[in-house]
Amino acid sequence: MSGGHFNYADSRLYEWSQQVRRDGNPLLADLLHDLGDLLHEYDWWQSGDTGREKWLNAWESWQKKWMGGNPAEMTIDAIKDSVRQMVWESLGKPADKEYNRICEKMRGW
């Protein structure tokens with residue numbers, strides 16, 4: 001049965017993503033949306049609607065986009081930078097050198 005494994009949690013992530021985008025935090029909105037897509041693929045695999053290979057392809061694509069490919073290579077500094085970016089965006093994007101440096105780095109992801 002499609003969607004049964006997580007009680008349609010992916011649809012809640014899409015709703016949250018829309019609200020966060022309206023609140024002015026596009027990076028967090030994109031992350032929530034992409035997590036919804038990822039959870040949807042996992043849900044369908046666990047529910048028997050698709051094969052494991054489709055889930056693994058979705059997982060690999062998510063890792064490439066959000067972690068640069070290999071999560072083991074993501075440093076503590078990169079994690080701190082991504083959290084700072086999300087917090088700063090939620091506070092209204094301050095304009096200073098540190099924000100601009102991290103913002104530029106995040107665009108490369």
Side-chain angles (χ1 to χ4, degrees):
M1 176 182 135
S2 301
H5 194 70
F6 290 109
N7 272 342
Y8 304 98
D10 55 326
S11 64
R12 287 187 295 246
L13 284 167
Y14 296 135
E15 291 168 13
W16 295 339
S17 171
Q18 290 172 359
Q19 180 60 52
V20 167
R21 188 171 306 283
R22 284 190 297 268
D23 292 344
N25 193 330
L27 181 64
L28 182 56
D30 289 347
L31 176 60
L32 289 169
H33 187 274
D34 289 353
L35 282 172
D37 289 346
L38 188 62
L39 186 60
H40 178 81
E41 289 299 333
Y42 185 80
D43 191 0
W44 277 39
W45 169 51
Q46 289 298 310
S47 299
D49 295 309
T50 61
R52 183 173 185 262
E53 189 65 30
K54 190 166 182 188
W55 150 248
L56 291 175
N57 288 338
W59 175 241
E60 184 177 323
S61 294
W62 188 89
Q63 284 182 324
K64 282 180 183 174
K65 179 175 182 179
W66 288 102
M67 296 184 181
N70 183 352
E73 293 174 0
M74 191 170 192
T75 67
I76 296 297
D77 287 339
I79 294 168
K80 286 179 183 176
D81 283 351
S82 64
V83 170
R84 282 187 191 117
Q85 175 79 5
M86 287 183 214
V87 169
W88 282 339
E89 283 189 355
S90 71
L91 296 174
K93 294 187 178 182
D96 64 16
K97 286 183 180 182
E98 182 67 4
Y99 174 81
N100 291 336
R101 179 189 69 79
I102 293 172
C103 188
E104 188 63 34
K105 181 178 175 182
M106 297 296 285
R107 275 193 219 112
W109 285 11

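Sequence positions, counted from 1, serve as the residue numbers for this chain.
To the nearest 0.5 Å, the span separating CD on Q19 from CG on N25 amounts to 11.5 Å. Atom NE2 in H33 sits 13.0 Å away from atom CG in L28 (nearest 0.5 Å). Rounding to the nearest 0.5 Å gives a distance of 11.0 Å between CG of D43 and CG of L38. Between atom CG of residue D23 and atom CD of residue Q18 there is a gap of 12.0 Å, rounded to the nearest 0.5 Å. To the nearest 0.5 Å, the span separating CD on E53 from CD on E60 amounts to 9.0 Å. Residue W45 holds its CH2 atom at 9.0 Å from OG1 of T50, rounded to the nearest 0.5 Å.
In the hydrophobic clustering of this structure, W59 groups with L39; members are Ile, Leu, Val, Met, Phe, Trp, Tyr whose side-chain heavy atoms approach within less than 4.5 Å, directly or through other members. Y14 and L35 fall into different hydrophobic clusters, where Ile, Leu, Val, Met, Phe, Trp and Tyr side chains are chained together by heavy-atom contacts under 4.5 Å.
Nearest approach of H40 to D10, heavy atoms of both residues: ND1-OD2, 2.9 Å.
Inspection of the D34 and W66 side chains reveals an N or O donor paired with an N or O acceptor under 3.5 Å.
Around the CZ atom of R22, the shell of radius 6.0 Å holds more than 12 heavy atoms that belong to other residues, nucleotides or ligands.
Put simply, the side chain of S17 never gets that close to the backbone of L13: no donor and acceptor are under 3.5 Å apart.
Between Y42 and W55, the ring planes are perpendicular. Angles over 60° get that label, and only those under 30° would be called parallel.
Between K65 and D30 there is no salt bridge, since no side-chain N of the basic residue sits under 4.0 Å from a carboxylate O of the acidic one.
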